[in-house]
Amino acid sequence: MAVRFGLVGCGIMGADHARILRSDIAGAELVAVHDKDRGRAERVAADGCKIHADPGQLIADPAVDAVIIASPDATHAPLTRAAIALGKPVLCEKPMATSLDEARGIVDAEVAGGRQLVQVGFMRRFDPGYRAMRAAVTAGTLGNPLFLHCIHRNAVGPDYVTSDLVLANSCVHEIDISRFVLGEDHARVRVVRARPSRKAPNRQPLMMILETASGVVVSVEAFLDAQYGYDVQGELVCEEGTLSLDPHPPTRRRLTGLDGHAVEGDWVGRFAEAYRCQLRDFVVALNGGRFQGSSAWDGYVASLTAEAALKALKSGDTVPVTPGDRPAFYDAAG
Ligand code: ISE
């Protein structure tokens, strides 16, 4: 039987999840939506799709088997807790929570319930390029990893995003994907600021440097106002060679004095394949498969590391990252 989804939040990401569910995922159906802006909910709902005025009602609706949370960040943790309390699986957009206590509360509630229900929307884990890096590290084909260089540029960030939020909202992707690629936690972090771009005086471009326990260095340039487009690059440097992400789209153009690649406008286009695979594999997990994405524990570690990075940004010091031991409950999730 098809998995019946309820969607909370019908903004850019919510609308894209709805589109993917309807067009690309076998064995899934969108049956209910909520958005605090009724007009947005109506635009995403199709014939036969219920519109709930309250997100709690949507989660409790007996016609909803699983929930996608794509509402504003501050609502992620309480709504995820509501889904866990009712035993409903939930795919929650990142960040999983806006405070460490809330993030830990989700892990504890899930463990107490005895069943994995939460997947965090760190979609890069489903991107073919990062998957190839992970496979190379696991197989040891290039020798031991030494560096992972990451570039994260948005065309124009929203006005409300301060340097703090660059860490919590953008760099959190590299925090998660580097743990995934390297297969280990970070041990410490420091953050260096560049001067603000004149295009965005309210925030600074950042360079975050993470080190893992075994001594791999992860560099992350986070620049939200690059103007020319959305550009995510990555190069894994190992003892015997390197592996880099291809530009996206991967076709090369030559025209009137130019030879090169087009650049995506935002993450929806750049990670379209990752978003599709993320939802497809989530449905597979709900049908008895294994969760492939970031668990609540990964969401917690991402928040904890982002918080350490924030301390590093404020103090200029190198700050230890101490996630502690992963509960054995998550071993099956990898
Ligand atoms: C945005 O919120 C996202 O999650 C994107 O994936 C990220 O690349 C971007 O920097 C964020 O602003």
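Worth knowing before you read on, the calculation uses all heavy atoms, side chains too, and leaves out hydrogens, waters and symmetry mates. Positions are given from 1, in the same order as the sequence printed here. Both counts, for ligands and for their atoms, begin at 1 and track the order of listing.
- Scanning the protein heavy atoms around atom 12 (O) of ligand 1, the nearest turns out to be N154 ND2, 3.4 Å.
- Considering SG of C150 and CD of E174, their distance stands at 5.0 Å, rounded to 0.5 Å.
- More than 12 heavy atoms of other residues, nucleotides or ligands sit less than 6.0 Å from atom CG of D259.
- Which parts of ligand 1 touch M123 is read off a 4.0 Å heavy-atom cut-off, strictly below it: atoms 6 (O).
- Selection from F122, Y230, F223 by nearest heavy atom to atom 8 (O) of ligand 1 gives Y230.
- Put simply, OG1 on T305 and CE on M208 are 8.5 Å apart, with the number rounded to the nearest 0.5 Å.
- Annotation for ligand 1: atoms under 4.0 Å from non-hydrogen atoms of N169 are 2 (O).
- Nearest protein heavy-atom contact of atom 4 (O) of ligand 1 is K94 NZ, 2.7 Å.
- Residue contacts with ligand 1, taken as heavy atom pairs separated by less than 4.0 Å, do not involve E174 at all.
- For atom 6 (O) of ligand 1, the nearest protein heavy atom (residue, atom name, distance) is H173 NE2, 2.9 Å.
- Residue-ligand proximity: H152 is placed with a non-hydrogen atom under 4.0 Å from ligand 1.
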**Study point:** side chain to side chain contact (heavy atoms under 4.5 Å, CB included) between F271 and V232, worked out
**Key:** CA-CA 10 Å; F271 287 108; V232 167; 4.0 Å; yes
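- Taking the centre and axis of the six-membered ring of Y300, the NZ or CZ atom of R104 falls inside the cone set by 45° and 6.0 Å.
- When S170, P95, G157 are ranked by how near their heavy atoms come to atom 11 (C) of ligand 1, first place goes to S170.
- Rounded to the nearest 0.5 angstrom, M123 CE and D176 CG are separated by 10.0 Å.
- Interatomic distance, R43 CZ to D37 CG, rounded to the nearest 0.5 Å: 6.0 Å.
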